[in-house]
Amino acid sequence: MRACLEGKKVILVPYMKEHVPKYHQWMQDPALLQATGSEPLTLDQEYEMQLSWTQDPNKRTFIVLDKEMVDGDFIQGHPHVEAMVGDVNIYMNDLDDSQMAEIEIMIAETKSRGKGLGKEAILMMMAFAIETLGIHVFRAKIGESNQASLNLFRKLGFEEASYSEIFKEVTLELPITKPKHEELLGLIGNMVTHM
C-alpha cells in the first residue's frame with residue numbers, strides 16, 4: 001500500500017482500479033485530452049495503464065480528492081471516488097539526472113478549478129518527492145494554449161527553460177534551493193501522511 005497525503009484542501013491517494021471508470025470518463029473530454037497531451041483510450045486500455053502506473057518505479061501517481069467532497073470520514077485504502085477531482089504525477093525519466101522529475105497536475109472537474117486544489121496538490125507532491133525520492137529539480141511541460149497551468153506553475157516559482165515550436169509546448173523548471181526546500185518542509189509539517 002502506498003502513502004496517502006492529506007493537506008488542508010486535498011487528499012492525495014494512490015491511483016486504484018476503482019478510480020479508472022471515472023478517470024476514463026474524464027478522458028473522453030477533447031479539451032482535457034488536448035490540455036494533458038493524451039490520446040483517447042478504451043476502458044480496458046485505461047485499466048492496463050492504471051496497473052502499469054502503479055508498478056512503474058519511475059512514476060508516482062496520486063488521485064486528487066477534494067476534502068469537502070469526501071463522504072463521511074477519510075478511510076485509508078478506500079478509493080473515495082465521490083471526491084475525485086483530478087490527478088498529480090511525477091515521472092523520473094531523465095537517465096542523465098536521477099534527481100530531476102517531471103511533474104503534472106490535472107483538475108478534471110470544472111467545478112473544482114480555481115479553488116487552490118491544484119496548487120496544494122503540486123506542493124504536496126513536490127514535498128513528497130523531495131523527502132522520499134531525493135528529487136531536487138522539477139520540470140513541467142505545458143502546452144502554450146494552457147494558460148491556467150502556465151500561470152499556476154509560474155506562481156509557484158517555475159521559470160521557462162525551453163520552448164518546443166514543434167509541440168507548441170513550454171518547459172518550465174524549478175530547482176529546489178535551500179529556502180524552497182525549507183518552505184516545502186514547512187508544508188510537510190501541515191501535511192498528514194497515511195501509510
- request: Drop me the distance from His78's NE2 to Asp73's CG, to the nearest 0.5 angstrom.
  value: 11.5 Å
message: Quick check on the hydrophobic clustering: are Val64 and Leu156 connected, directly or via other members, by side-chain heavy-atom contacts under 4.5 Å?
response: yes
Ser52: which of Gln55, Met49, Gln50 passes side-chain contact (heavy atoms from CB on, under 4.5 Å): Met49
- request: Compare all side-chain heavy atoms of Lys111 with those of Met69 and state whether any distance is below 4.5 angstrom.
  value: yes
Steps toward side chain to side chain contact (heavy atoms under 4.5 Å, CB included) verdict (Arg60, Tyr91): CA-CA 7 Å; Arg60 293 294 185 280; Tyr91 307 95; over 6 Å; no
query: Hey, mind stepping through Leu41 and Met27 against side chain to side chain contact (heavy atoms under 4.5 Å, CB included) and telling me if it holds?
result: CA-CA 8 Å; Leu41 300 175; Met27 299 315 282; over 6 Å; no
message: With salt bridge (charged side-chain N to carboxylate O under 4.0 Å, His left out) as the criterion, how do Arg139 and Glu173 come out once you've worked through the C-alpha distance, each side chain's angles and the decisive distance to 0.1 Å?
response: CA-CA 4 Å; Arg139 179 180 291 158; Glu173 287 190 357; 2.7 Å; yes
message: Do Lys180 and Leu174 make a side-chain contact, defined as non-hydrogen atoms from C-beta onward lying under 4.5 Å apart?
response: yes
- request: Please report the closest heavy-atom contact between Pro21 and Tyr47, naming both atoms and the distance.
  value: CG-OH, 3.5 Å
message: What's the separation between atom CG in Asn89 and atom CD1 in Ile103, rounded to the nearest 0.5 Å?
response: 8.5 Å
query: Do Trp53 and Leu43 belong together in a cluster built from hydrophobic side chains that touch within less than 4.5 Å?
result: yes
- request: Return yes if a side-chain donor-acceptor contact under 3.5 Å exists between Glu183 and His181, otherwise no.
  value: no
Just distance, no hydrogens or angles: give the donor-acceptor pairs under 3.5 Å from side chains in residues 113-125, sequence neighbours left out.
unit_1: Arg113; atom_1: NE; unit_2: Ile107; atom_2: O; d: 2.8
unit_1: Arg113; atom_1: NH2; unit_2: Ile107; atom_2: O; d: 3.2
unit_1: Arg113; atom_1: NH2; unit_2: Ala108; atom_2: O; d: 3.3
unit_1: Lys115; atom_1: NZ; unit_2: Asp66; atom_2: OD2; d: 3.2
unit_1: Glu120; atom_1: OE1; unit_2: Lys8; atom_2: N; d: 3.4
unit_1: Glu120; atom_1: OE1; unit_2: Lys9; atom_2: N; d: 2.8
unit_1: Glu120; atom_1: OE1; unit_2: Val10; atom_2: N; d: 2.7
unit_1: Glu120; atom_1: OE2; unit_2: Lys8; atom_2: N; d: 3.0
unit_1: Glu120; atom_1: OE2; unit_2: Lys9; atom_2: N; d: 3.4

- line: Gln76 and Cys4 have their tightest heavy-atom pair at CG-SG, 3.9 Å
Mutual orientation of the aromatic rings belonging to Phe62 and Phe128 [parallel < 30°, tilted 30-60°, perpendicular > 60°]: perpendicular
- prompt: Are Tyr163 and Phe153 connected, step by step, through hydrophobic side chains (Ile, Leu, Val, Met, Phe, Trp, Tyr) whose heavy atoms are closer than 4.5 Å?
  reply: yes
- request: State, to 0.1 Å, how close Leu133 and Ile90 come at their nearest heavy-atom pair, and which atoms those are.
  value: CD1-CD1, 3.5 Å
- prompt: Out of curiosity, Leu5 CG to Leu65 CG, how far, rounded to the nearest 0.5 Å?
  reply: 11.0 Å
- prompt: Is Met126 linked to Val137 within one hydrophobic cluster, defined over Ile, Leu, Val, Met, Phe, Trp and Tyr using a side-chain heavy-atom separation of less than 4.5 Å?
  reply: no
pair Pro40-Leu33: side-chain heavy atoms closer than 4.5 Å: yes
- prompt: Could you walk me through whether Glu82 and Val70 pass the side chain to side chain contact (heavy atoms under 4.5 Å, CB included) check?
  reply: CA-CA 7 Å; Glu82 77 284 353; Val70 172; 4.1 Å; yes
Nearest heavy-atom neighbours spanning Pro57 and Met92: O-CE, 3.8 Å
statement: So side-chain hydrogen bond (donor to acceptor under 3.5 Å, both in side chains) across residues 17-29, not counting sequence neighbours, yields Tyr23-Asp87, His24-Gln28, Trp26-Glu109
pair Leu150-Leu172: side-chain heavy atoms closer than 4.5 Å: yes
task: Could you pull out all residues at least two apart from Ser145 that satisfy side-chain contact (heavy atoms from CB on, under 4.5 Å)?
output: Gln34
field: Verify same cluster id: Ile142, Met100 (apolar side-chain graph, 4.5 Å)
entry: no
query: For Gly7, does its backbone N or O pair with a side-chain atom of Lys67 as donor and acceptor, under 3.5 Å?
result: yes
task: Go through Ile75 and His80 one step at a time and tell me if the side chain to side chain contact (heavy atoms under 4.5 Å, CB included) criterion holds.
output: CA-CA 8 Å; Ile75 303 165; His80 292 283; 4.1 Å; yes
message: Could you report the tightest heavy-atom contact between Met16 and Pro79, atom names first, then the distance?
response: CE-CA, 3.7 Å
Ser164 side chain reached by Lys141 side chain, heavy atoms, under 4.5 Å: no
- request: Output the distance between atom OG1 (Thr54) and atom OH (Tyr15), rounded to the nearest 0.5 Å.
  value: 9.5 Å
